[in-house]
Amino acid sequence: MNVPAWLARLFTIDDGVVEEPFSLLEDRPGQAQAGADTGAADGAGERNAETDKGGQGRDGESAGGAAPDAGDRAARADSPGQADSAREAGAEPGEVEVIRPIPLEAYIRQSAQASPEKSPEAGLEDKVPAEIGRVRKAVEQLFHADVNKDIVIREFIIQAESRGQAKDGKPAESQVPAEPRGHAVAGGPAASQEPTQDGSPAAGGGKKPWRALAVFVDGLVDKMTINTHILQPLMLLTAIADEPVERRLQTVSEALLPGNQVTKFEDWKDIVPGILSGCTAVFVDGSPGALIVETRGWEHRTVGLAQTETVVRGPHEGFTESFRANTGLVRAELRCKDLITEMMHVGRLAPTDVALMYVQGVVNPKLVDEVKRRIQAIDVDYLPDSGLLEQFIEDNPRLVVPNTLTTERPDRIAHMLMEGHVAIFVGNSPFAIAVPVVFWQLVHSPEDAYLRFPFGSFLRLLRWLALSLALLTPALYVSITNYHPEMIPTDLMLAIAGSREQVPFPVITEILMMEFSIELIREAGIRIPSVIGPTIGIVGALIIGQAAVQAGIVSPLLVIVIAVTALASFAIPNYNLAFGVRTMRFVFLAAAAVFGFYGLTLALCWAAARLAVQKSFGVPMLSPVAPRMDTSKDVFLRGPAFVMNQRPVFLQTQKAWREQPASRPWSKATMPNALRRFGDSVRSPRKGGKH
Amino acid sequence: MSNAQISRFQLVIVLIWSILGTGIVTVPFVIAQFTVRDSWITGLLFAAGGLISAGVAAMFLRALPDRNLTSGLIDAFGPWLGRMFCLWFLVWLYLINCTVLREAESFVSITILPETPEYIIGLLAMTGISYMVYMGAEVLVRDGEFITPLALIVAPLLFALSMQHMDVHQLMPVLAYGWQPVLRGAITPDLTYALEFLISLQFVRALRDSQTLPKDIITATAILTVLLTCVLVITTGVVGQSTSYLSYPVLETVRSIRVGRFLERLDTLYVMGVMSTVCIKLAVFHYAWCEGMKDVFKLSSHRIVAYSGGLFVWAGSFTFFRSTQEMEHFIAGVAPAYFVLTLICIPLLAATVMNFRRRAKR
């Protein structure tokens with residue numbers, strides 16, 4: 001029975017409508033064919049649309065629609081060869097292809113063997129050729145210079161003279177070799193220079209021109225440095241005697257390049273990262289190898305205020321988006337010859353510099369080895385920021401409490417390094433990571449140390465209170481109002497009941513609505529342009545504070561509860577911990593909503609148990625409280641600077657003491673205490689090493 | 001637990017919380033059944049029970065050094081008879097776990113969550129405790145350490161605040177009815193709670209230095225004796241003769257705290273504090289049970305029975321004790337003899353047999 005076309009159309013879905021216009025997946029042959037067929041169908045015009053649908057369109061479907069399917073099946077074929085045959089067979093719909101399933105491991109192995117496409121890094125394993133033409137080709141290939149327009153390959157001539165002629169200082173212009181006198185591939189300044197000679201090294205009688213190549217990445221380098229410290233001396237100020245071919249690079253390095261850091265490498269794997277990190281590679285014809293000249297000079301934010309860890313007393317500068325500036329800031333703080341900066345690279349396609357900083361002789365060597373081991377285990381194409389590295393190396397990334405400490409303050413890193421921690425810098429991230437960390441340090445602020453100890457202790461107590469409030473206030477409110485109203489005075493209880501009289505929602509709904517609003521304002525406040533940000537903040541507060549109460553959606557007391565909670569959460573000095581508190585607050589809220597104080601207590605026990613077993617790089621997160629260790633008073637409170645004699649015990653440092661047991665020997669106020677604690681030994685000066 | 005290393009400090013702390021967890025709830029009530037005015041003398045006698053425990057631990061460890069109780073029993077009595085004794089010990093441990101959980105359920109239900117079914121309260125507690133046990137011995141002892149600073153802040157505050165209603169005359173006259181009620185009242189604290197110190201024999205393998213265990217028990221005994229005596233003095237001084245009618249006399253003492261018109265009804269906070277210590281106690285006992293199961297049935301890890309055992313304890317808490325009265329009867333009437341037999345006779349017998357076998361070998 002023939003179905004009328006109009007009726008068939010009603011029940012037919014045009015696949016062209018849902019066809020993906022773009023896919024990151026590789027084009028399959030069948031798809032390409034289908035596309036061609038569709039194009040043909042389109043090309044046929046609409047004059048005979050129905051015919052196309054029914055005839056050519058169907059052909060297209062059979063050729064194009066069946067082919068991808070066959071391709072998919074072929075992908076699971078026994079071997080790539082079979083896959084190809086299956087793909088070909090897909091063009092002939094009449095044939096039935098029998099495909100046997102194979103284990104996944106075997107399939108992966110076969111696929112890997114079937115696609116022996118040359119890795120782009122394969123060339124990196126090679127040595128640098130001596131001949132400059134080959135060098136140029138290799139560079140162009142490595143950096144895809146035909147399409148890559150910010151890679152500059154600057155070809156030039158170094159004028160060398162025969163011995164004896166160099167002294168007169170009169171190079172004959174006519175003998176200047178003229179072949180590529182200067183040629184920039186990507187808009188280099190010498191692109192207009194035309195070749196004048198064949199460039200043969202032995203062309204002139206007294207002149208011995210050396211062809212050379214400078215390669216750098218436009219935007220990463222300081223062009224002035226390249227012009228004045230590389231090109232100018234090599235091209236214009238050259239007056240040296242000719243050298244044997246194999247010594248040319250050495251001569252250039254020793255006598256012609258006034259750069260402060262010049263290193264010779266012979267392998268592409270050393271040279272390419274150098275170029276990509278803003279250095280300039282100088283190749284000289286005849287010498288296998290290159291000189292990597294320090295010319296880094298990309299644009300970055302200047303060193304400014306620490307954005308998330310501001311203090312009143314103490315240094316104000318923070319790290320910036322420059323790797324060397326960051327390590328330099330720490331060096332500037334910590335002028336210690338034992339401060340080690342080890343370099344590592346993470347990332348296969350785009351290696352990111354990772355620096356490990358520690359103080360030799362203080363830090364536990366096992367800790368350094370462990371940090372290195374974890375970083376070396378990272379195998380990614382690209383590592384953009386310290387936040388990602390943190391997730392790769394921390395003990396338990398699923399824990400809401402951070403296992404590492406991230407900071408943007410050089411002074412804090414310097415202080416932690418001297419305590420025996422290890423600092424990690426990742427690429428141009430403005431945050432450095434310090435490991436290991438204990439829970440208590442997350443509530444510390446650098447300012448605690450700069451202030452006198454009573455004030456530092458006071459601030460810490462305030463922060464502990466803020467942490468508790470941020471974590472527990474909504475849960476306590478729910479518990480008290482729902483389960484334990486007897487806990488609060490009768491007057492207050494009546495006031496709460498009165499304020500909630502008009503509110504139609506249960507307390508937990510009220511709180512969740514308000515918490516959601518606050519979280520929304522916080523999140524929006526980050527993204528809103530700074531010009532209208534404060535306005536939105538005020539509007540948000542008005543909405544929550546006034547309108548919501550007036551509308552009878554929430555009670556006035558709850559607004560205070562939520563406001564206090566939000567305020568307290570801002571007092572937590574560590575951004576990651578603040579996030580943990582924000583999320584855990586909802587867990588405690590749920591526990592309190594279901595079981596009141598009992599649920600809250602069990603949730604706290606569970607959290608304590610989880611934290612008690614957690615370690616950060618081998619250090620229990622709750623030490624030195626659990627397990628208890630005798631250490632300086634720097635946990636809940638801040639001890640006086642002159643009694644913080646010892647480094648944290650949990651770090652197991654090589655040197656336990658960081659200051660004299662009696663650091664105020666002239667003081668009648670403190671010396672007796674020191675004598676009581678340490679005996680007469682405090683009168684003698686502290687020896688190096690372990691006390 | 002093989003890798004866990006418990007320090008002496010941690011052991012003392014965890015022993016204190018293990019005894020005090022339910023001790024502070026039940027001991028004043030049990031003593032008040034015999035004497036009220038002289039209850040503080042009964043508290044002082046707690047030291048005797050602690051010293052007995054220390055002595056038993058010393059003898060056991062001398063005969064079977066570096067062995068926990070279950071593995072020591074197997075070594076001393078041989079694989080079959082030893083396992084029979086171990087099973088006796090494990091059944092005892094299981095019953096004690098059920099008792100403690102039942103105590104906790106009743107306590108929470110009566111004091112702060114009267115509407116919530118007790119089995120839900122117990123299930124919730126046992127889930128958290130099983131998790132702690134699953135995580136290992138380190139978690140238990142560190143949890144104990146963690147709450148110690150908080151307790152050191154809160155407990156003296158509660159003591160000080162409750163002192164305002166204290167009437168010293170409630171403690172007079174001393175020994176008006178002679179020593180008999182005092183000694184009868186001391187039976188449960190001395191033979192039940194003080195012998196619970198011997199649960200530490202199940203942790204011997206995890207201790208840094210097992211030979212110091214008896215000393216640590218003595219330290220914990222001294223601290224607990226002082227604490228219990230203070231609690232009993234204040235409770236008697238504040239609540240008076242009514243103590244004998246109350247299920248939770250210390251709770252009443254805390255309830256009496258009132259400063260101005262705002263600071264009052266701190267009993268909920270007290271209940272939460274007690275619950276956190278009960279959690280530690282249950283975790284310690286449940287862990288000991290899991291370790292015993294591991295030794296007896298040659299399990300690869302205590303974790304295998306951590307959750308299932310927790311469920312077992314939860315079920316037992318209702319099956320064995322249908323009502324609070326049954327549980328109180330067990331604690332006051334049955335437990336002392338059961339404790340003496342299990343925690344004194346069996347370890348001493350094992351130590352004696354081991355010594356005899358050594359001599360026989362010579």
Side-chain angles (χ1 to χ4, degrees), chain A residues 396 438-440 461 464-465 468 472 475-476 479-480 482-495 590-592 594-615 618 620-630 633 635-637 649-650, chain B residues 4-10 13 104 107-109 111-116 120-121 124-129 131-150 153 255 258 260-269 271-280 283:
Chain A
N396 186 357
V438 292
F439 178 69
W440 323 106
L461 279 177
W464 283 114
L465 185 66
S468 312
L472 298 175
L476 287 174
S479 294
I480 289 171
N482 278 2
Y483 292 91
H484 318 291
E486 77 279 358
M487 279 186 74
I488 48 178
T490 315
D491 294 344
L492 183 60
M493 194 175 71
L494 290 173
V594 183
F595 293 106
F597 261 76
Y598 181 63
L600 206 54
T601 308
L602 289 183
L604 280 171
C605 282
W606 168 79
R610 192 66 199 82
L611 270 181
V613 80
Q614 187 58 47
K615 287 184 176 178
M621 287 279 291
L622 289 184
S623 58
V625 173
R628 184 177 154 274
M629 298 172 186
D630 288 324
K633 291 171 185 168
V635 182
F636 292 106
L637 304 175
V649 181
F650 51 81
Chain B
Q5 286 286 298
I6 299 174
S7 69
R8 294 184 66 187
F9 177 80
Q10 287 175 325
I13 291 291
F107 183 56
V108 172
S109 177
T111 52
I112 58 168
L113 289 178
E115 305 288 331
T116 310
I120 294 287
I121 294 170
L124 205 64
M126 216 49 218
T127 307
I129 288 156
Y131 174 74
M132 286 165 72
V133 171
Y134 184 84
M135 300 299 275
E138 280 180 335
V139 173
L140 316 182
V141 292
R142 285 183 191 167
D143 245 12
E145 278 185 304
F146 184 70
I147 64 167
T148 302
L150 304 175
I153 298 169
R255 224 171 241 172
R258 186 174 297 220
R261 295 191 59 182
F262 187 80
L263 195 63
E264 56 183 341
R265 300 302 300 265
L266 297 175
D267 45 316
T268 309
L269 295 178
V271 172
M272 292 304 105
V274 169
M275 265 316 290
S276 52
T277 57
V278 168
C279 281
I280 290 176

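Below, read A as the first sequence line, B as the second, and so on, with proteins coming before strands; counting in each chain starts at 1. All of these numbers come straight from a predicted model, not from anything done at the bench.
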Handout entry: Side chain / backbone / both / neither for B:Thr116 at chain A, heavy atoms under 4.5 Å
Key = side chain
Exercise for the section: Output the distance between atom CE (A:Met621) and atom CZ (B:Arg142), rounded to the nearest 0.5 Å. Expected result: 12.0 Å
Fill in the blank from the handout: Note: A:Tyr598 and B:Leu113 closest approach over all heavy atoms is CB-CD1, 3.6 Å
Completion exercise
B:Met132 and A:Ala609 have their tightest heavy-atom pair at CG-CB, 3.5 Å
Exercise for the section: Could you tell me which portion of B:Phe146 (side chain, backbone, both or neither) has an atom closer than 4.5 angstrom to a non-hydrogen atom of chain A? Expected result: both
Completion exercise
The reported gap from CG in B:Asp143 to CG in A:Leu611 (rounded to nearest 0.5 angstrom) is 9.5 Å
Handout entry: Straight-line distance of A:Cys605 SG to B:Ile280 CD1, nearest 0.5 Å
Key = 7.0 Å
Fill in the blank from the handout: Applying a strict 4.5 Å limit to non-hydrogen atoms, the region of B:Leu124 in contact with chain A is both
Handout entry: Part of B:Leu140 within contact of chain A (heavy atom distance under 4.5 Å)
Key = neither
Exercise for the section: Please state whether the side chain, the backbone, both or neither of A:Leu492 comes within less than 4.5 Å of a heavy atom of chain B. Expected result: side chain
Problem - Enclosure of B:Arg258 CZ (heavy-atom neighbours >12, cutoff 6.0 Å) - result: no
Handout entry: B:Glu145 versus A:Arg628, closest heavy-atom pair with distance
Key = OE2-N, 2.8 Å
Exercise for the section: Could you tell me the separation between the CG atom of B:Leu269 and the CE atom of A:Met487, rounded to the nearest 0.5 Å? Expected result: 4.0 Å
Handout entry: Set of residues satisfying ring pair (Phe, Tyr, Trp, His ring centres under 6.0 Å) with respect to A:Phe597, sequence neighbours excluded
Key = A:His484
Problem - B:Tyr134 atom OH: more than 12 heavy-atom contacts under 6.0 Å - result: no
Handout entry: Euclidean distance, B:Thr127 OG1 relative to A:Trp606 CH2, rounded to 0.5 Å
Key = 13.0 Å
Problem - Inter-residue atom distance B:Ile112.CD1 - A:Thr601.OG1, 0.5 Å rounding - result: 6.5 Å
Exercise for the section: Please tell me if the side chains of B:Ser276 and A:Leu604 come closer than 4.5 Å, counting only heavy atoms from C-beta onward. Expected result: no
